[in-house]
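As structure tokens, the structure follows; a few thoughts come after it.
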2 protein chains.
Amino acid sequence: MKNDIAEILKRNQLSVTESRTKILELFHESKSALAHADIESKTDESYDRVTIYRTLQTFVEKGIIHTIPTADNSVLYALCKDECTQGKHNDNHVHFICDSCGTTFCLDHISVPEIILPKGFTTHRTDVVASGICKNCR
Amino acid sequence: MKNDIAEILKRNQLSVTESRTKILELFHESKSALAHADIESKTDESYDRVTIYRTLQTFVEKGIIHTIPTADNSVLYALCKDECTQGKHNDNHVHFICDSCGTTFCLDHISVPEIILPKGFTTHRTDVVASGICKNCR
DNA sequence: TAATAGTTTGCAACTTTGTTGCAAATATTT
DNA sequence: AAATATTTGCAACAAAGTTGCAAACTATTA
Ligand SMILES: [Mn+2]
Ligand SMILES: [Mn+2]
Ligand SMILES: [Zn+2]
Ligand SMILES: [Zn+2]
């Protein structure tokens, strides 16, 4: 397991450090999206805030994790499961945020529908974020 | 015009003040969504930051404006054109953010498609945010 | 495996964004 | 016009994010 994580880092030309390993492990263990603060607490504040910021940024650039836009404007991150690469994300799935427990899920098998835009507009990315009550909260 | 604005405020049981009038006017004049900072600059910093925060919050609560989630996590606001009321928003249209000029549009006539969620999930709101190149930038 | 070169981390200091309490100013009601 | 209710601006604070740099660590090479 720890080896798999190191593999992913190496494949992305990142040196294998304790913080990166631990943070990437967290994403693999987690069933839902994580915010900066979640990572801080789940690592017992062992890493500096700056390190976490930089790690998340690096992972996003490498196509290891993706961001999820939210209505309340907190930044959330989740593992990319599609084939995302350096600078080219491809996470065309719907996201769901529970208004009750706050958990955010990647609905990997529900893909974002094609949206037909007015003439003159070109789309590079489409985010669909649904919110409501999740299966655990009803 | 200024009278129309005052009317809207009264209809929503808000006292008609200079800052509220001016800010609501800005939204009516603007063809795109506005961020807190846009309002600050377009009003020549005549109002305190706190006043702008509170005004935006009040307008959202009253269903006069709605927020737009963004991938880069800046908060954007735009006029509600549907029949939104106190605590009940109904802005089921797609939003478009231009990667080149940053302008954010409400695509009022493009409605959010129905998303079929897994069993156990109930949706209260669905945001669709597309990004790419807008008609002015290509 | 030890030395070196390259990369990442933590700290400090700072900026930007957002929040709260409260007195003064303004708007509404009588 | 006075009384009442609401809003505003200030100050102080809290939370979130950024940057430069020396020390620590990782990878490479000999
Ligand atoms: Mn996802
Ligand atoms: Mn809109
Ligand atoms: Zn839930
Ligand atoms: Zn544009």
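Just so it is clear: chains get the letters A, B, ... in the order the sequence lines come, proteins before strands, and each one is counted from 1.
Between the CG atom of B:Asp72 and the P atom of C:dT16 there is a distance of 16 Å, given to the nearest Å. As rounded to whole Å, 15 Å separates atom P of D:dT7 from atom CG of B:Leu24. Going from atom NZ of A:Lys10 over to atom C1' of C:dT7 covers 16 Å, rounded to whole Å. Here the P atom of nucleotide C:dT28 and the CG atom of B:Leu14 are 10 Å apart, to the nearest Å. Across the protein-nucleic acid pair, B:Gln13 atom CD and C:dT29 atom P stand 11 Å apart, rounded to whole Å. A straight line from CG of B:Leu9 to C1' of C:dA27 spans 12 Å, rounded to a whole angstrom.
Residues of residues 44-64 of chain B having a heavy atom closer than 4.0 Å to DNA chain C, listed by number: B:Arg49, B:Val50, B:Tyr53, B:Arg54.
A close approach under 4.0 Å does occur between a side-chain nitrogen or oxygen of A:Ser15 and OP1 or OP2 of C:dT8. An OP1 or OP2 oxygen of C:dT9 is reached within less than 4.0 angstrom by a side-chain nitrogen or oxygen of A:Ser19.
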Evaluate the criterion ring-ring contact (aromatic ring centres under 6.0 Å, His included) for residue pair B:His66 and B:Tyr77; output intermediate values, then yes/no.
CA-CA 6 Å; B:His66 61 274; B:Tyr77 302 87; 9.2 Å; no

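One hydrophobic cluster, built from ILVMFWY side chains closer than 4.5 Å, holds both A:Val16 and A:Tyr47.
Residue-to-nucleotide proximity on DNA chain C shows that, of B:Val75 and B:Thr17, the 5′-proximal contact is made by B:Val75. Between A:Asn73 and A:Glu18, the residue anchored nearer the 5' end of DNA chain C, judged by the nucleotide with its closest heavy atom, is A:Glu18.
Between B:Phe105 and A:Phe121, the ring planes lie perpendicular to each other; the angle is over 60°, past the 30° to 60° tilted range.
Side-chain contact between A:Thr70 and A:Val129 is absent, with no heavy-atom pair separated by less than 4.5 Å.
When all heavy atoms of B:Lys62 and B:Asn12 are compared, the pair lying nearest together is NZ-O, 3.1 Å.
A donor-acceptor contact closer than 3.5 angstrom links the side chains of B:Asp72 and B:Ser74.
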